[in-house]
There are 2 protein chains.
Amino acid sequence: MANIKEVADLAGCSIATVSRHVNGAAPISVEVRARIEAAILQTGYRPSEIGRSLKRQATRTLGIVVPSLTNPVFALSVSGFQAVARRHGYNVLIATSDYDPAIEAEAVETFLGQSVDGLALTVCDSLSSPALATIDAGGKPNVLLFNQADMPGRQAVTVDNIEAARAMTDAILAEGHRRIVFLAGRFAASDRSRLRYRGFAAALAQAGLKPPLPLELDFLDATPDAALQPLLGGENRPTALFCSNDVLALGVIGALKRLGARVPDDMSVVGFDGIDLGQMVEPTLCTVSQPARAMGELACERLLATIRSTPEAATDAARFLAFDIRRGGSLGPAPRVVAAIGAGQDLQRDNTTPHNKRETA
Amino acid sequence: MANIKEVADLAGCSIATVSRHVNGAAPISVEVRARIEAAILQTGYRPSEIGRSLKRQATRTLGIVVPSLTNPVFALSVSGFQAVARRHGYNVLIATSDYDPAIEAEAVETFLGQSVDGLALTVCDSLSSPALATIDAGGKPNVLLFNQADMPGRQAVTVDNIEAARAMTDAILAEGHRRIVFLAGRFAASDRSRLRYRGFAAALAQAGLKPPLPLELDFLDATPDAALQPLLGGENRPTALFCSNDVLALGVIGALKRLGARVPDDMSVVGFDGIDLGQMVEPTLCTVSQPARAMGELACERLLATIRSTPEAATDAARFLAFDIRRGGSLGPAPRVVAAIGAGQDLQRDNTTPHNKRETA
DNA sequence: GCACAGGATGTAAACGTTTACAAGGTCAAG
DNA sequence: CTTGACCTTGTAAACGTTTACATCCTGTGC
């Protein structure tokens, strides 16, 4: 509201002097300083960052685009990103794409219009993202988050999705499972899902098994019961489900319970991400844990380093972070006798372990 | 990068004409239009929002401050807020206060410096918030989210926390519980917690019971086991716990299980917020559900209405939204025989309901 | 007594827009 | 032919800063 000119007039000096005082850019005589301070107090003057940005050609603002905030793994990374930005005096503009490449591109467009100093992105598909192309064209500092680098030189903060999924699949195989199905939420709209499936398929192939096609579930549908039903019948039903992320896995576990299946006795379920919630449910969720908050923090640090063109940043731009196969009650040994799940299940149980034994033991 | 002048020079016209074309503000002859479009394509020109903002004295940017993004109830509201903002062509700056009034105030300060057009806030304490005072001083459009209005005329999107907690407490009492403890996360840093406690205490008093003091847990501590232990011994232990929010409630349920208590047979637990996760765990969480996403959306709509000074907005500025007492398996009847919980519990059980009966029935 | 250093302040341009106002042109009505 | 209406375009000011450059003082060293 009050601008620098008002303050200057009130203090009886020029706007340059006020600016210098506000920025501590030059020594100001005590008398003038006192008058300026009084004027600032009286007018409630606050320097306009937009005036500054215009002059400085830098906004001290970063943009971050994620598919959604309702998946804790993204919320957590945004949280870390924002915390680091704040610590360095940067603001954060946020946008969610809802897994839609068009919205994603539009968000990037908007952010570029806002002259953000840099961008962090979790895109639907790093290989075909129009958003990424736009950014590259403009030469804005940027970093991928959760996506893997689509080209050499691209900064990316992520785990190796293929290797992680392979390791998790090996863990499932080690429990004796032989029929495992990969469930994906938004398979088409997530390159992470596809990479994880590749790791899954590779592990199965290495074990001499033919990997079944992934089954796509719309995980915005809170009750995937109907979609799951076909997996529960027959002698050849799967005994384990690899869900492409934890939110999906928790939804699937809930659906399985409603359908009368015990997890993990009748069906093992594993996820990917390592959200906290997975530790709170029973059985606890077996999953691939990635350090989401730290990833958001690191993405921000890399981005700031790039903006300040600290060369150190570029060094291991795309090196993978460590993941962790987190054991949990939702993965158990394959049942020795496989029975169809559903009505009449009680008669067919071959395992009478109490539900909570695993956790309270 | 490229600015309007470059485009104008390349197109052989004045910057005013380019501006008019970009904004569709006036008819442009076909030839000139073609030249301008070519120039824009060639230069990759994108109008600078910061130049616009300076001229227009409006940024089309909103700020939102919440305590954290890791609590789904806030993440969800931010998500709704951002979606509505986007739909109206507004950007969103985000900040998290981590329940610290100082950070909260600093964030508001920063946002004002950025000349946001309006602010949505979930403050620690609406009655003593320095941030709120700052905003009022500047006269910026603003709306509280989850906080109740601290003064007449303040816009606030929230449920009636006192009434909601009272209703939930009545539901607990109706199950026969007589010793109920209120557990709060960050009691000191959340006016919502305090209001909910007041409703809780009022309901108990009305039932002729003396409300015990609230027990404060640091819910950032993932394992509140030690803090909970004292509540589990003796004949006079509580049989129900009212947690001030769902995240805390889920943490408490997890801890209780580890400590050997069955929920709800040995101990009932209820929460507040109605996060989706509560429906995925077993037993499902009994809670007060508030429509977090819709609240974020409404907050944004109210804010935009205020910015455009549509009078309609001010009408029911602070009217409460409806809440919903969501039944769930975590609230059961009070045990007829109360036994201490811990080692040897198996011998003292007076209720042999299978763990999952409630859900699969 | 003079030159010069250095401190404090002012002047004005620049950053990228939008827009009031002015001006030029074309055309139709009188 | 003149007038005015209307369409298209240009000129220049304004938005709020920062900062190079200029200016004016004061004081010090010779």
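Below, chains carry the letters A, B, ... as their sequence lines are ordered, and counting in each starts from 1. From a predicted model like this one, the values you see are computed outputs, not experimental measurements. The basis for the numbers below is simple: all heavy atoms, side chains too, and nothing from hydrogens, waters or symmetry mates.
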Helical bend (five base pairs per end, nearest 10°) for the helix from dG1(C)-dC30(D) to dG30(C)-dC1(D): 60°

Nearest-nucleotide 5' precedence on DNA chain C, R33(A) against T17(B): R33(A)

Qualifying residues under salt bridge (Lys or Arg N to Asp or Glu O under 4.0 Å), relative to R293(B), sequence neighbours excluded: E297(B)

Of all pairs that satisfy ring pair (Phe, Tyr, Trp, His ring centres under 6.0 Å), the ones with a partner from residues 48-84 of chain B, not counting sequence neighbours: F74(B)-F146(B)

For A11(A), side chain to side chain contact (heavy atoms under 4.5 Å, CB included) partners two or more places apart: C13(A), R35(A), I36(A), A39(A)

Stretch residues 38-53 of chain A: residues that reach within less than 4.0 Å of DNA chain D through a heavy atom: Y45(A), R46(A), P47(A), S48(A), G51(A), R52(A)

Atom pairs under 3.5 Å, N or O on each side, protein against nucleotides 21-24 of chain D: can you list them with distances?
none

Sequence neighbours excluded - salt bridge (charged side-chain N to carboxylate O under 4.0 Å, His left out) pairs with any residue from residues 110-130 of chain B: D125(B)-R194(B)

For E6(B), all residues meeting salt bridge (Lys or Arg N to Asp or Glu O under 4.0 Å), sequence neighbours excluded: none

Within residues 7-66 of chain B or reaching into it, pairs that qualify as ring pair (Phe, Tyr, Trp, His ring centres under 6.0 Å) - sequence neighbours excluded: none

Outermost nucleotides of DNA chain C that come under 4.0 Å of a non-hydrogen atom of chain B: dG16(C) to dA20(C)

DNA chain C-proximal residues of residues 109-119 of chain B, any heavy atom under 4.0 Å: none

Under the side-chain hydrogen bond (donor to acceptor under 3.5 Å, both in side chains) test, residues paired with T96(B) that sit two or more places apart: Q82(A)

